[in-house]
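As structure tokens, the structure follows; a few thoughts come after it.
Per chain, numbering begins at 1; letters A, B, ... match sequence-line order.
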Protein chains: 2
Amino acid sequence: MEEIDRRILALLADDGRMSFTDLAKETGLSVSAVHQRVRRLQKRGIVQGFTARLDHARIGLPLTAFVSIKPIDPAAPDDAPERLAHLTAIEACHSVAGDESYILKVRVGSPNELEDLLQRIRAAANVATRTTVVLSTPWEGRPPRPDGAAADSEP
Amino acid sequence: MEEIDRRILALLADDGRMSFTDLAKETGLSVSAVHQRVRRLQKRGIVQGFTARLDHARIGLPLTAFVSIKPIDPAAPDDAPERLAHLTAIEACHSVAGDESYILKVRVGSPNELEDLLQRIRAAANVATRTTVVLSTPWEGRPPRPDGAAADSEP
DNA sequence: TCTGAAAGACAACTAGC
DNA sequence: GCTAGTTGTCTTTCAGA
């Protein structure tokens with residue numbers, strides 16, 4: 001039951017364009033039943049959407065870096081995410097425990113663009129930055145494998 | 001020309017299940033032409049695949065962390081990625097410049113699972129770990145917006 | 001929550017420019 | 001590299017158990 005939902009999620013994480021027909025074959029359900037379950041998973045927000053995995057190096061964004069930021073004025077209100085949201089080079093923004101307050105994952109076309117981006121980040125959020133450049137990425141975005149724990153209750 | 005490809009990539013990054021019919025409407029091309037272009041983008045490896053975006057908190061993986069690793073024996077050959085690949089909790093593995101050699105992004109169900117994972121990482125790759133726990137994620141996996149630079153030449 | 005069937009929409013291929 | 005047309009498959013909805 002819940003096992004089938006996890007199987008559907010694994011299949012869609014692996015191939016987001018898999019047809020309902022194929023999902024039905026893989027799960028042993030009818031097409032309608034799979035269709036219903038996927039719609040329910042989307043409605044519940046467990047499936048948040050579908051996206052294409054792109055080769056960043058080949059769309060003009062070959063340089064990836066992690067940027068840790070720390071407020072210059074620790075007393076100021078912490079609204080860094082809102083202040084940084086317009087910078088589309090920032091692919092992800094995580095609030096973290098530890099010495100710094102956020103870790104940003106950024107993608108740019110060149111070292112020059114990275115320098116420019118860092119200046120914009122510092123100016124927009126009034127923060128100090130510490131940057132770790134990615135040299136290569138053995139893997140990334142590997143589909144999650146829910147090991148043991150169960151999911152949530154009903155919405 | 002190349003402009004249309006970038007538009008297609010942006011649309012598919014935003015909705016990986018968008019139909020070719022809709023892609024055709026959005027780009028002003030015929031369905032066949034869009035179909036051809038997407039197939040070519042996949043064949044060239046610019047589109048590497050499609051995936052469902054899942055709510056990790058609701059599939060039993062509510063805890064995210066970044067784990068930086070450093071070899072205990074700097075003279076040993078660096079094969080950490082191969083040694084760690086079997087640990088499916090590691091969603092991404094980046095080789096980085098800086099004090100440490102890799103940054104891992106991991107997702108687990110609980111602090112206990114994180115502790116267990118860290119032990120496995122240290123044992124498998126003979127490394128020291130430094131872990132930064134994610135408290136919240138304002139955003140993540142935002143579609144890349146190729147700003148100015150152009151893509152590659154032919155395969 | 002499932003099945004099965006029916007309508008329409010779509011994907012995939014072909015030919016021709 | 002594009003358009004247009006054709007065939008077979010798929011998506012989506014419905015009634016019913």
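- Side-chain contact check for B/Arg130 versus B/Ser68: some heavy-atom pair is nearer than 4.5 Å.
- Atom CD in B/Gln36 sits about 13 Å away from atom C1' in C/dA15, given to the nearest Å.
- More than 12 non-hydrogen atoms from other residues, nucleotides or ligands lie less than 6.0 angstrom from CZ of B/Arg122.
- Put simply, CG on B/Leu23 is 18 Å from P on C/dA9, counting in whole angstrom units.
- Residues B/Glu100 and B/Val127 fail the side-chain proximity criterion, which asks for heavy atoms closer than 4.5 Å.
- Regarding contacts with the backbone of C/dA11, a side-chain N or O of B/Thr21 is found under 4.0 angstrom from either OP1 or OP2.
- For D/dT11, the base has no donor-acceptor partner in the side chain of A/Ser19 [N/O atoms by modelled type, under 3.5 angstrom].
- Of the residues listed (B/Leu23, B/Val47, B/Leu9), the one engaging B/Val38 in a side-chain contact (heavy atoms from CB on, under 4.5 Å) is B/Leu23, and it is the only one.
- As rounded to whole Å, 13 Å separates atom C1' of C/dC2 from atom CD1 of A/Ile8.
- Residues A/Ile90 and A/Tyr102 fail the side-chain proximity criterion, which asks for heavy atoms closer than 4.5 Å.
- At C/dA12, one or more side-chain N or O atoms of B/His35 fall inside 4.0 Å of OP1 or OP2 (strictly under the cut-off).
- Taking atom CZ on A/Arg39 and atom P on C/dC2, their separation rounds to 15 Å, with Å as the unit.
- Nucleotides of DNA chain C nearest to A/Arg17 and A/Val34 differ in position, and the one nearer the 5' end is that of A/Val34.
- Out of D/dT12, C/dT1, C/dA12, the shortest distance to the side chain of B/Phe20 is found at C/dA12.
- Note on B/Arg37: a side-chain N or O is less than 4.0 Å away from OP1 or OP2 of D/dC2.
- Across the protein-nucleic acid pair, B/Lys43 atom NZ and C/dA12 atom P stand 16 Å apart, rounded to whole Å.
- A straight line from CG of A/Asp22 to P of D/dC10 spans 7 Å, rounded to a whole angstrom.
- Nucleic acid contact for B/Val31: none, since no nucleic acid atom lies under 4.0 Å from a heavy atom of the residue.
- No N or O donor and acceptor, one from the side chain of A/Ser30 and one from the base of C/dG4, sit under 3.5 Å apart.
- In this entry the distance linking CD1 of A/Ile4 with P of C/dT1 reads 12 Å, nearest Å.
- Between B/Arg40 and D/dG1 there is a side-chain N or O to OP1 or OP2 distance below 4.0 Å.
- Between the C1' atom of D/dG1 and the CG atom of B/Leu29 lies a distance of 10 Å, rounded to the nearest Å.
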